[in-house]
Trainee: 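Right, I'll just put the structure down here and ask away after.
Along the sequence shown, residues are numbered consecutively beginning with 1. Source: prediction; values computed, not measured.
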Amino acid sequence: MKSLFSTSWNAAQANFWLLIIRIAVCGFMLTHGVPKFTKLVGAADIKFADPFGVGQTFSFILVVFAEFVCSIFIAMGFATRLASLVLFITMAVAAFHAHANDPFATKEKALLYLLIYLALMVFGAGRFSVDNMIAGGGKRRR
């Protein structure tokens, strides 16, 4: 019962769960990114929101980069904090611009993703990642 309320944490477990979270959020986000990527490389006309005034097509390219490329980077643990920042901004725009006038239930998914990407920005990729290999692998204690 005492361990149920413990506030201590195990680094090995934390690193394992960071890996699971990275892979899961990548898989979830790719369900949004792959159809957009397919549309981008296809012949269909692109009609998309332009929140920054850079054009619908370029805005769509930015979202495809975030949801497709950055998701894959996060799964690999490559440039995780930077990729998470890109996706954090994308989800903030989705929640507060694209769905600004929608009910909370519609914004909720973007906000949940936003919180996950915030956590990945704060905690990084963990031990089981390309970031860790680049930073020196097992030589550093986590």
Trainee: Looking at Ser59 and Gly55, would you say the former's side chain and the latter's main chain have a donor-acceptor pair under 3.5 Å?
Mentor: yes
Trainee: Do the side chains of Val64 and Met76 join up, straight or via other hydrophobic residues, at under 4.5 Å, putting them in one cluster?
Mentor: yes
Trainee: Supply the atom-to-atom distance Leu114 CG to Ser84 OG, rounded to the nearest 0.5 angstrom.
Mentor: 11.0 Å
Trainee: Is there a path of hydrophobic side-chain contacts, each under 4.5 Å between heavy atoms, that joins Leu40 and Phe58?
Mentor: no
Trainee: Between Asp50 and Gly53, what is the shortest heavy-atom contact and its length?
Mentor: OD1-N, 3.2 Å
Trainee: Does the side-chain contact (heavy atoms from CB on, under 4.5 Å) test come out yes or no for Met29 and Met91, once each step is laid out?
Mentor: CA-CA 11 Å; Met29 184 52 68; Met91 292 302 104; 3.8 Å; yes
Trainee: To the nearest 0.5 angstrom, please state how far the OG1 atom of Thr90 sits from the CG atom of Leu85.
Mentor: 9.0 Å
Trainee: Crowded around Asp45 CG? As in, over 12 foreign heavy atoms under 6.0 Å?
Mentor: no
Trainee: Measuring from Leu120:CG to Leu87:CG, what's the distance to the nearest 0.5 Å?
Mentor: 9.5 Å
Trainee: Phe78 vs Ser129, test: side-chain contact (heavy atoms from CB on, under 4.5 Å). Steps then yes/no.
Mentor: CA-CA 7 Å; Phe78 176 71; Ser129 65; over 6 Å; no
Trainee: For Phe128, does the CZ atom have more than 12 heavy-atom neighbours from other residues, nucleotides or ligands under 6.0 Å away?
Mentor: yes
Trainee: Indicate, with yes or no, if Leu19 and Val25 share a hydrophobic cluster defined by side-chain heavy-atom contacts under 4.5 Å among Ile, Leu, Val, Met, Phe, Trp and Tyr.
Mentor: no
Trainee: Does any part of the side chain of Ile20, heavy atoms only, come nearer than 4.5 Å to the side chain of Trp17, both counted from C-beta?
Mentor: yes
Trainee: Does one hydrophobic cluster hold both Tyr117 and Phe28, with members joined at side-chain heavy-atom distances below 4.5 Å?
Mentor: yes
Trainee: Under 3.5 Å, side chain of Arg81 to main-chain N/O of Val122, donor-acceptor pair present?
Mentor: yes
Trainee: On a heavy-atom basis, which atom in Ala75 and which in Ile23 lie closest, and how many Å separate them?
Mentor: O-CG1, 4.3 Å
Trainee: For the hydrophobic clusters of this structure (ILVMFWY residues joined by side-chain heavy atoms under 4.5 Å, transitively), does one cluster hold both Val93 and Val54?
Mentor: yes
Trainee: Counting distance only, does the side-chain N/O of Arg22 pair as donor-acceptor with the main-chain N or O of Ile74 below 3.5 Å?
Mentor: yes
Trainee: For the aromatic rings, using the six-membered ring if either is Trp, is the centroid distance between Phe60 and Phe48 under 6.0 Å?
Mentor: yes
Trainee: In terms of the angle between their ring planes, are Phe68 and Phe37 parallel, tilted or perpendicular, with boundaries placed at 30° and 60°?
Mentor: parallel
Trainee: Check Cys70 against Ala66 and note the closest heavy-atom contact, atom names and distance.
Mentor: CB-O, 3.1 Å
Trainee: Check whether any side-chain heavy atom of Leu111 lies under 4.5 Å from a side-chain heavy atom of Phe96, and answer yes or no.
Mentor: yes
Trainee: Nearest 0.5 Å, please: how far is CG in Leu18 from OG1 in Thr80?
Mentor: 9.5 Å
Trainee: Which heavy atom in Lys36 sits nearest to a heavy atom in Val63, and how many Å separate them?
Mentor: CD-CG1, 3.8 Å
Trainee: Between Asn132 and Gly126 (side chain of the first, backbone of the second, donor and acceptor by atom type, cut-off under 3.5 Å), is there such a pair?
Mentor: no
Trainee: Let me see the working for Phe88 and Tyr113 under side-chain contact (heavy atoms from CB on, under 4.5 Å), right down to the final yes or no.
Mentor: CA-CA 8 Å; Phe88 178 88; Tyr113 278 119; over 6 Å; no
Trainee: Can you give me every donor-acceptor pair (side chain of residues 98-109, partner residue at least two apart or in another chain, under 3.5 Å) with its distance?
Mentor:
residue	atom	partner	partner atom	Å
His99	ND1	Asp102	OD2	2.7
Lys107	NZ	Ala100	O	3.1

Trainee: Could you tell me which non-hydrogen atom of Asp131 sits nearest to which non-hydrogen atom of Ala79, and how far apart they are?
Mentor: OD1-N, 2.6 Å
